[in-house]
Amino acid sequence: MKYNKEQQIEIAKYAIKNNYGYKETGAKYDISYQQVAAWVRKYEAKASINKPKKTSNEPTKTSTLDILSRRDPVLERQLEDVKRRLGLIN
């Protein structure tokens, strides 16, 4: 029996949904497990191409803790200068 593209996709989805049971899927649809595996690979490859890629231009989420724990070199030098003036450091 010949399967069209939609049927191949349906069979691939069925195999994936059933924990990649190629042999069982092949028995259900009366095709070889190798053919099922090939269609699953083809389906997954096409699905990964259609996924939106994360670009480096997208802003990354930064937690408040990360922001607050950053050290500002200008403020660090000013603090050191004040400590030196007060005689707390040499």
Colleague: Got a sec: does the OH of Y33 have more than 12 other heavy atoms crowding it under 6.0 Å?
Modeller: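 Open.
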
Colleague: Show, in sequence, the C-alpha distance, side-chain angles and deciding distance for D81 and R85, and conclude whether the salt bridge (Lys or Arg N to Asp or Glu O under 4.0 Å) test is met.
Modeller: CA-CA 6 Å; D81 186 45; R85 288 183 193 174; 3.0 Å; yes

Colleague: Looking only at non-hydrogen atoms, find the nearest pair between A12 and Y43 and report the distance.
Modeller: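 Closest heavy-atom pair between A12 and Y43: CB-CB, 3.8 Å.
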
Colleague: Drop me the distance from E10's CD to Q7's CD, to the nearest 0.5 angstrom.
Modeller: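 Between atom CD of E10 and atom CD of Q7 there are 7.0 Å.
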
Colleague: Do the side chains of Y29 and V36 get nearer than 4.5 Å, heavy atoms only?
Modeller: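 A side-chain contact under 4.5 Å is absent here.
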
Colleague: With the threshold set at 4.0 Å, does a side-chain nitrogen-carboxylate oxygen contact exist between D66 and R70?
Modeller: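 No, this pair does not count.
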
Colleague: Hey, does the side chain of E76 reach the backbone of R71 with a donor-acceptor pair shorter than 3.5 angstrom?
Modeller: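 Here the side-chain-to-backbone pair does not exist.
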
Colleague: So, do I31 and Y3 sit near enough that their side-chain heavy atoms are less than 4.5 Å apart?
Modeller: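 Of all side-chain heavy-atom pairs linking Y3 with I31, at least one is under 4.5 Å.
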
Colleague: By the side-chain hydrogen bond (donor to acceptor under 3.5 Å, both in side chains) test, which pairs, at least two apart or in different chains, include something from residues 12-28?
Modeller: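 Listed once each, the pairs are Y20-E44.
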
Colleague: Side chains of V82 and L88: closer than 4.5 Å at any heavy-atom pair?
Modeller: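 Not in contact.
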
Colleague: Could you grab the distance from atom CZ of R84 to atom CD1 of I89, nearest 0.5 Å is fine?
Modeller: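 Here the interatomic distance stands at 5.0 Å.
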
Colleague: Just checking D30: does its CG atom have more than 12 heavy atoms from other residues, nucleotides or ligands closer to it than 6.0 angstrom?
Modeller: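 Not buried by this count: 12 neighbours or fewer within 6.0 Å.
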
Colleague: Do K42 and Q8 make a side-chain contact, defined as non-hydrogen atoms from C-beta onward lying under 4.5 Å apart?
Modeller: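 The answer is yes; the side chains approach within 4.5 Å.
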
